[in-house]
> 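This is the structure I want to talk about, given as structure tokens.
Fair warning: this is a prediction, and the values are worked out from it, not measured in the lab. Convention: sequence-line order gives letters A, B, ...; per-chain numbering from 1.
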Amino acid sequence: MLGQKTSNIFIYGKTGTGKTLSVQHVADELLKRSKDSKILRVEYINCKLKKVADTEYRIFAELIKKVGGDVPATGLPTDQVYKRFIEIIEKNEEKLLIVVLDEIDQAVKKINDDFLYNLMRLNSELSKTQISIIGISNDVKFLEMIDPRVKSSLSEEEMIFNPYNATQLQDILKKRAEESFKPGVVSEGVIAKCAAYAAREHGDARRALDLLRVAGEIAERSSNPRIEIKHIDEANDKVERDKILDIVEKATRQFQLVLYAIISLSNNNNEGIFTGDVYNFYSEVCKKVNFEILTQRRVGDIIAEFDMLGLINARVISKGRQGRTREIRLDIPDNVLKKSKDILLESLGI
DNA sequence: GTCAATTCACATGAAAGAGACCACGGTCTAGTG
DNA sequence: CTAGACCGTGGTCTCTTTCATGTGAATTGACGA
């Protein structure tokens, strides 16, 4: 294996299907087998994390940090960072560096695919070290949107991870339950229910485990010795609720203003509301609380982001002569709505 | 009645600016011998 | 003379604006039956 040219690998699979875990496991095994740590090095980077690796600069900066260099968070020209990376790699003298890029599709979407090309091209500039890339993506169409040159070399080897089905999820959950709960705490039915919830979310094992954990916490708090099905339901609610409230709370002022407008409008109107309505209401509120009014262009983007986050459901429709617009429907469950609104009111000082 | 052109109200893209943050190198200043 | 403070320049990043172009169907108006 060593000494030969290594392939790049491209892995595809939905979230929670064990891609990351498998890669990490394989990496560990490889490291174990190469007794001399000077030969091989594996670095893992999650491209989705904001503030860590969502630009070319930051990806290289992160890589440098991982291989033992130091680089400022900003201020250097990108090619400088690039050069520094090469220097450090050469100095380290490992034979092979495996770079795992998790959620690589996110990075390419945000930046462009040039950085991938640069990364591949690095091999020709390095004399002692070889770099091999493992790209992990949960978007199949990802390969279609990148540069053909990059595509062919990235997908030298491809692997696909299929979502877990309910039975497999049950197995995973059972194993985990044995490890972390005393026998008898978790019943068969509870696990089935848990698995069913997660299977609905395209077989996300992480979510299933989360659910079980939270349900355990809930049961414990109500000093119930056993986890029951209702706890799973509660846990599902809670996980969902926390996710939403977290988004609402952490959003910037302008996002909160737009969301407030949407919530207010959908209060007295069950039918869909439109971008124009939202913008008007939003402007009014801005005037009232003395905030700068953003352009409609920007507000449109903000609405689109809420759609991505799942707080609203926005569909582009054409109303014929009345133009094209988004039809927006709030997608926050009732039991969270009030709390969300309270947070907004307080944060905006209305 | 039918059909193509028109029109609306935005969506969507691209480019560029403002302001925050930061590194680097040069210059100035104060303390030291 | 030298270490540290202080500046100016040039870079990135995020959020935003400006300008430009795209778009799907209701509406309109011309046309032919």
> For A:Cys286 and A:Ile293, work out which heavy atoms get closest and say how close.
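Scanning both residues, the minimum pair turns out to be CB-CG1, 3.6 Å.
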
> How close or far is atom P of C:dT12 from atom CZ of A:Arg84, stated in whole angstroms?
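One finds 14 Å between P of C:dT12 and CZ of A:Arg84, rounded.
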
> If the condition is side chain to side chain contact (heavy atoms under 4.5 Å, CB included), which residues does A:Arg207 pass it with, not counting sequence neighbours?
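A:Arg207 satisfies side chain to side chain contact (heavy atoms under 4.5 Å, CB included) with A:Glu201, A:Asp204, A:Asn236, A:Val239, A:Glu240 once adjacent residues are dropped.
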
> For A:Asn280, what residues pass the side chain to side chain contact (heavy atoms under 4.5 Å, CB included) criterion, not counting sequence neighbours?
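Residues passing side chain to side chain contact (heavy atoms under 4.5 Å, CB included) with A:Asn280: none at all.
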
> To the nearest Å, give me how far apart NZ (A:Lys250) and C1' (C:dT14) are.
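From A:Lys250 NZ to C:dT14 C1': 19 Å.
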
> Checking side-chain contact (heavy atoms from CB on, under 4.5 Å) for the pair A:Leu294/A:Leu257: CA distance, chi angles, key distance, verdict?
CA-CA 11 Å; A:Leu294 299 181; A:Leu257 281 164; over 6 Å; no

> State which of B:dA11, C:dT12, C:dT16 makes the closest approach to the side chain of A:Leu294.
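Looking only at heavy atoms from C-beta outward on A:Leu294, the closest nucleotide is C:dT16.
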
> Find the distance A:Asp301:CG to B:dC10:P and express it as a whole number of Å.
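The distance from CG of A:Asp301 to P of B:dC10 comes to 15 Å, rounded to the nearest Å.
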
> Below 4.0 angstrom from OP1 or OP2 of B:dC10, is there any side-chain N or O of A:Gln296?
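It does, given that an N or O in the side chain of A:Gln296 lies less than 4.0 Å from OP1 or OP2 of B:dC10.
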
> Of the residues in residues 314-328 of chain A, which ones touch DNA chain B at a heavy-atom distance under 4.0 Å?
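Nucleic-acid contacts, sorted: A:Val316, A:Gly320, A:Arg321, A:Gln322, A:Gly323, A:Arg324, A:Thr325, A:Arg326.
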
> Atom CD1 of A:Ile343 and atom CG of A:Leu259: how far apart are they, to the nearest 0.5 Å?
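Separation between the atoms: 10.0 Å.
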
> Take the protein atom OH of A:Tyr57 and the nucleotide atom P of C:dG10, then report the distance between them rounded to whole Å.
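Rounded to the whole Å, the gap is 17 Å.
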
> Return the minimal non-hydrogen interatomic distance between A:Leu344 and A:Ile263, and the atom names on each side.
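Of all heavy-atom pairs spanning A:Leu344 and A:Ile263, the closest is CD1-CD1, 3.8 Å.
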
> Output the rounded distance in Å from CD (A:Glu62) to P (C:dC13).
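Taking CD of A:Glu62 and P of C:dC13, I get 13 Å after rounding.
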
> Once you build an axis from the first five pairs and another from the last five of the helix from B:dG1-C:dC31 to B:dG31-C:dC1, how far apart in angle are they, to 10 degrees?
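Between the axes fitted at each end of the helix from B:dG1-C:dC31 to B:dG31-C:dC1 lies an angle of 20°.
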
> For A:Phe85, enumerate each residue passing the ring pair (Phe, Tyr, Trp, His ring centres under 6.0 Å) test, keeping only those at least two apart in sequence or located in another chain.
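Ring pair (Phe, Tyr, Trp, His ring centres under 6.0 Å) check on A:Phe85 returns A:Phe60.
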
> Residues in side-chain hydrogen bond (donor to acceptor under 3.5 Å, both in side chains) with A:Glu327, at least two apart?
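A:Glu327 satisfies side-chain hydrogen bond (donor to acceptor under 3.5 Å, both in side chains) with A:Arg315 only.
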
> Could you check how far CZ of A:Arg297 sits from C1' of B:dG17, rounded to whole Å?
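From A:Arg297 CZ to B:dG17 C1': 16 Å.
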
> Are the aromatic rings of A:Tyr282 and A:Tyr260 close, with centres under 6.0 Å apart?
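Not close enough - the centres of the two rings lie 6.0 Å or further apart.
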
> So A:Ile302, base contact, sugar-phosphate only, or nothing? Heavy-atom distance under 4.0 Å.
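If one applies the 4.0 Å heavy-atom cut-off, A:Ile302 turns out to touch nothing in the nucleic acid.
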
> For B:dC10 and A:Thr275 - does any side-chain N or O of the residue sit under 4.0 Å from the phosphate oxygens OP1/OP2?
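False: A:Thr275 side-chain N/O out of range (4.0 Å or more) of B:dC10 OP1/OP2.
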
> Could you give the CZ-to-C1' distance, from A:Arg298 to B:dG13, as a whole number of Å?
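Computing the A:Arg298:CZ to B:dG13:C1' distance gives 14 Å.
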
> Without decimals, in angstroms, what is the distance between A:Lys83 NZ and B:dC24 P?
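Distance, rounded to whole Å: 13 Å.
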
